[in-house]
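As structure tokens, the structure follows; a few thoughts come after it.
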Amino acid sequence: MLEIRNLHAKAGEKLILRGVNLKVGAGEVHAIMGPNGSGKSTLAQVIAGRDLYEVTEGEILYEGRNLLELSPEERAREGIFLAFQYPVEIPGVSNLYFLRTALNAIRKHRGLEELDVMDFMELVRERVKLLGMNEALLERPVNEGFSGGEKKRNEILQMAVLEPRLAILDETDSGLDIDALKAVAAGINAMRSPERAMIVVTHYQRLLEYVEPDFVHVMADGRIVRSGDKELARELERQGYAWLEEEAALAQENRS
Amino acid sequence: MNTAVTGTATGQESWLALFAERERELANECPWWVHGLRRTALARFAEIGFPTTKIEEWRYTNLAPLTRTVFTAARRPTGHEQLPETWLDGLDAIVVRTVNGYPISGLGQRGLAIRSLRQAWQEQPELVQNHLARYASFDRHAFVALNTAFCEDGLLVEIAPGAVLDKPVLLLHHLTPGGETVASHPRVLVLAGANSQANIVEAWLGPDSAVYLRNSVTELVTGEGAVLEYVRLEMEGDQAYHFGAFHARQGRSSTLAVHTILLGGNLVRSEVGVVLDGEGASATLNGLYVGKGRQHMDNYTTLDHARPHATSLELYKGILDGHSEAVFHGRIIVRPEAQKTDAIQRNKNLLLSRDAVINTKPQLEIYADDVRCTHGATVGQVDADAVFYLRSRGIGHQEARRLLTLAFAQEITDRVQPPALREHLAEELLKRLDDPVGVTP
């Protein structure tokens, strides 16, 4: 479904991704872990099409197509979804209106009929229930005045409504209390399917106790430095990321 | 078009000549004091002339093109004018129209009387004399002086004490240039009795592609405990000069909300002055100015706290595209007697293009010590993070910008009364911003 080859990307003059290689197949859940500043979030944003980053080398293939040629909205319409680490507050736009506009833009692109308010409400109510979300949040402006947990749940709600083929969850677990974490994990698990792939970006192993990954990758210094199964996540939890920094320092010495 | 362009002095002189030419007609059939008022106003105009950018209140608005233009008087309507229909005609409201400043309809219903000023100063000279030109001072103001000097007619709106109007009153000012460069000076006087409640919408509509001057003055008095919602909707043609002055005096415990929406015109100056002249009065001034192309929109507001325990809340928002320019100059005066004043002023601007310009200036003059006055201004672009967020959900780039721009405006439009106006205003705004003239390359 997704193939990333030798991806290099920079923000301004600063090179952040230094040759990422990753293959994600349908139905798979990949966890990407790593210390702060390792490039995890940048990778997530580059896949979604954020223009703050410039791809200088390498490519991303999505279902055989060159993803980098598509605008962010085209990627979303083709089934890519990014749950933001910091969901944006949009005063003046109601959550419902936003969701319906987004869903209809995607449906239109796929040649489906746009949903009217009644049908849409039915769909949203069902998904809200699934996530144990407060329905009152639907009428409020997007993320405005939401607690951290409400914002993250709102991201998962959007994923549940938009039904992407590839979902990237960028630190969706950070800042959540245990109840919110369980609710978010339940939402993610409910979305797992043989047709859908997920990339779970996280700093801690905590979320992975509830969402079991098929593959775990460790990023450091803009590259994936190790890959394995869920055992790797446990190992990281025990050892922390210090060993990576030592390795990186060694690599630095070898380069110079 | 017979626009004669001459020097500044000649521009001013042309107004004096126009007055002399029309004086006999003007003096006809009106009480002596009305004509006396006109002559005083004209004399004042002759003395002070048009303001220049050297005067602080006009620093960012260059009137040179206007002062060089020679205008003729807009004609008295014959009653056969073809008036354009707009969505405003579809509002469920009590509608009164003027054409070129002359009322073409008047009406009365329980608790509400709307007459032509000309009729009113014949029938009840004392009533009119007690109020006309008492709130909109022409002493230091060329445009109010000109309006007063050329005040031939207008509207008197009276809301009876205790009356609660069940429908909004819509005052529609039309203008028919008839191929000439005309000036029209609409005049409105609103007297809202004690404990009355009303919603008034005053709108200015004019044709595109015609240079004309609309110089409008509205005066409003709210009696004790009155509750008024007043919407000022400027939708002039694209070549118009629009000067709109609104001056209100508030009685004790009265509530006034003035919503000023500037959409059309080429050079626009809107002045809103409210004197909180009763204890416990409360005033809300909302404003929204939407500029594109080479539009210039100047907002000058004055909140004069004259009595204690009064509150004022002011929020003006601007959306500027293309090479448009706007000014927000908000003055708050707190008189020595006005203890416990609570005044909040905010000005927020959204620049949609790199070439748009906003000048914002708060001016606080506080002579009492136990008060709370705050002010703040912001200028920003469409939030790139928000645009990306919307796009990442499948919403197109243009649509995302439209959504965010509309959301910015909604803080104002959602407060406008009656609610039936809101959706139309949003559409009007988008229509104007989507128009190719407003798009920056």
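Here the structure is a predicted model, which means the values were calculated and not measured. Each chain gets a letter, A, B and so on, in the order the sequences are listed, and its residues count up from 1.
Counting heavy-atom neighbours within 6.0 Å of A/Glu135 CD, excluding the residue itself, gives a total above 12. Crowding of B/Glu423 atom CD: a count of heavy atoms from other residues, nucleotides or ligands under 6.0 Å not exceeding 12.
Neither the backbone nor the side chain of B/Ala400 comes within contact range of chain A; no heavy atoms are under 4.5 Å apart. When heavy atoms are compared at a cutoff of 4.5 Å, A/Arg50 approaches chain B by way of both its backbone and its side chain. Proximity to chain B (any heavy atom under 4.5 Å) is shown, for A/Pro164, by neither the backbone nor the side chain. In this structure, chain A has a heavy atom under 4.5 Å from the side chain of B/Gln410, while its backbone stays farther away. Interface remark: B/Leu404 contributes side-chain atoms only to the contact with chain A (heavy atom separation under 4.5 Å).
B/Tyr389 carries B/Arg393 over the face of its six-membered ring, with the cationic atom under 6.0 Å from the centre and within 45° of the normal.
Looking only at side-chain heavy atoms (C-beta outward), A/Glu74 and A/His109 stay at 4.5 Å or farther from each other. Taking 4.5 Å as the limit, some side-chain heavy atom of B/Glu314 sits within range of a side-chain heavy atom of B/Phe328.
The two residues A/Leu176 and A/Gly149 come nearest to each other via the heavy atoms CD2-CA, 3.6 Å.
Between chain B and the options A/Thr101, A/Ile80, A/Leu52, heavy-atom pairs under 4.5 Å are most frequent for A/Thr101. The greatest number of non-hydrogen atom pairs below 4.5 Å with chain B, out of A/Tyr97, A/Phe98, A/Phe84, is found for A/Phe84.
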